[in-house]
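Below is one structure, written out as structure tokens, with a few remarks after it.
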Amino acid sequence: MNVQEVLENYNVYKLRISITSSEIQEIQAEIYDLKSANMDGLPKAKGYTKSQLEEAIINAQEKIEEKQRYKDELQNKIKIVEDLVKTLKKYNQDIDMRFYQKISIEEIATKKDRGYVAIHKTIEKSIKEMQHEYNKSKKV
């Protein structure tokens, strides 16, 4: 995993998680509607094949599982990066402002009364430290 990539896409990932959650809820509602349709429940003859209704339910459940895996993967990436940011202590405010709040480096420098280059280097150093920590934790 590339820490910088996750930071740069942090808000996009959050939005994708929200959208995927909504899609899962819609599919669950579809399944509920499909299940409430008239299913006779009678035993099927030998060589029975699934009805279109049953196929639709199975397909919908598979879509939910696929979307849930995608959502879990994004949530995991975000959690790892958020935990790494917390380990920075001193510099996590710069990372927070830059990537979570999407404030430009110029604005951060103005708010903190520091130079652009200083903020930029601090952010770069923080990302390198986080990537190093992530890589180290993966080797264990």
*side chain to side chain contact (heavy atoms under 4.5 Å, CB included) between Ile64 and Glu23, worked out*: CA-CA 8 Å; Ile64 287 174; Glu23 290 171 346; over 6 Å; no

_Let's go through Lys136 and Glu133 carefully: what are the C-alpha distance in whole Å and the side-chain angles of both, what is the deciding distance for salt bridge (charged side-chain N to carboxylate O under 4.0 Å, His left out) to 0.1 Å, and is it a yes or a no?_
CA-CA 5 Å; Lys136 191 168 78 174; Glu133 283 299 314; 3.3 Å; yes

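Side chains of Ile57 and Glu30 form no contact here, defined as non-hydrogen atoms less than 4.5 Å apart. Proximity of Phe99 to Asn11: side-chain heavy atoms (C-beta onward) are nowhere separated by under 4.5 Å. With a 4.5 Å cut-off on side-chain heavy atoms, Ile103 and Lys111 count as touching. Ile127 has its side chain within reach of Ile95: a pair of non-hydrogen atoms, C-beta onward, lies under 4.5 Å apart.
In this structure, CD1 in Ile119 is found 5.5 Å from NZ in Lys112, a value given to the nearest 0.5 Å. To the nearest 0.5 angstrom, Met1 atom CE is 9.0 Å from Asn135 atom CG. If you take CE on Met97 and CD1 on Ile108, they are separated by 5.0 Å, rounding to the nearest 0.5 Å. Taking NE2 of His132 as the reference point, atom CE of Met130 lies at 13.5 Å (rounded to 0.5 Å). Between the CG atom of Asn9 and the NZ atom of Lys14 there is a distance of 14.0 Å, given to the nearest 0.5 Å. With rounding to the nearest 0.5 angstrom, the OH atom of Tyr116 is 12.0 Å from the OG1 atom of Thr110.
Checking Arg114 against Thr122 by side-chain atom types alone, a donor-acceptor pair falls below 3.5 Å. Defined by atom type and a distance below 3.5 Å, a donor-acceptor pair is present between the side-chain atoms of Ser104 and Glu107. There is a side-chain donor-acceptor pair under 3.5 Å between Glu8 and Gln4.
In this structure, Asn2 contributes its side chain and Glu5 its backbone to a donor-acceptor pair below 3.5 Å. Here the side chain of Ser22 pairs a donor or acceptor atom with the backbone of Ser18 at under 3.5 angstrom.
Remark: aromatic rings of Tyr10 and Tyr100 are close, center separation under 6.0 Å.
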Per-pair distances, 0.1 Å, donor-acceptor, side chain in residues 71-79, under 3.5 Å, sequence neighbours excluded:
unit_1	atom_1	unit_2	atom_2	d
Lys71	NZ	Ser21	OG	3.0
Asp72	OD1	Gln68	NE2	2.8
Lys79	NZ	Asp83	OD2	2.8

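Under a cut-off of 6.0 angstrom, the local environment of CD in Gln101 is crowded, with over 12 non-hydrogen atoms contributed by other residues, nucleotides or ligands.
Looking at every heavy atom in both residues, Leu34 comes nearest to Ala56 through CD1-CB, 3.8 Å.
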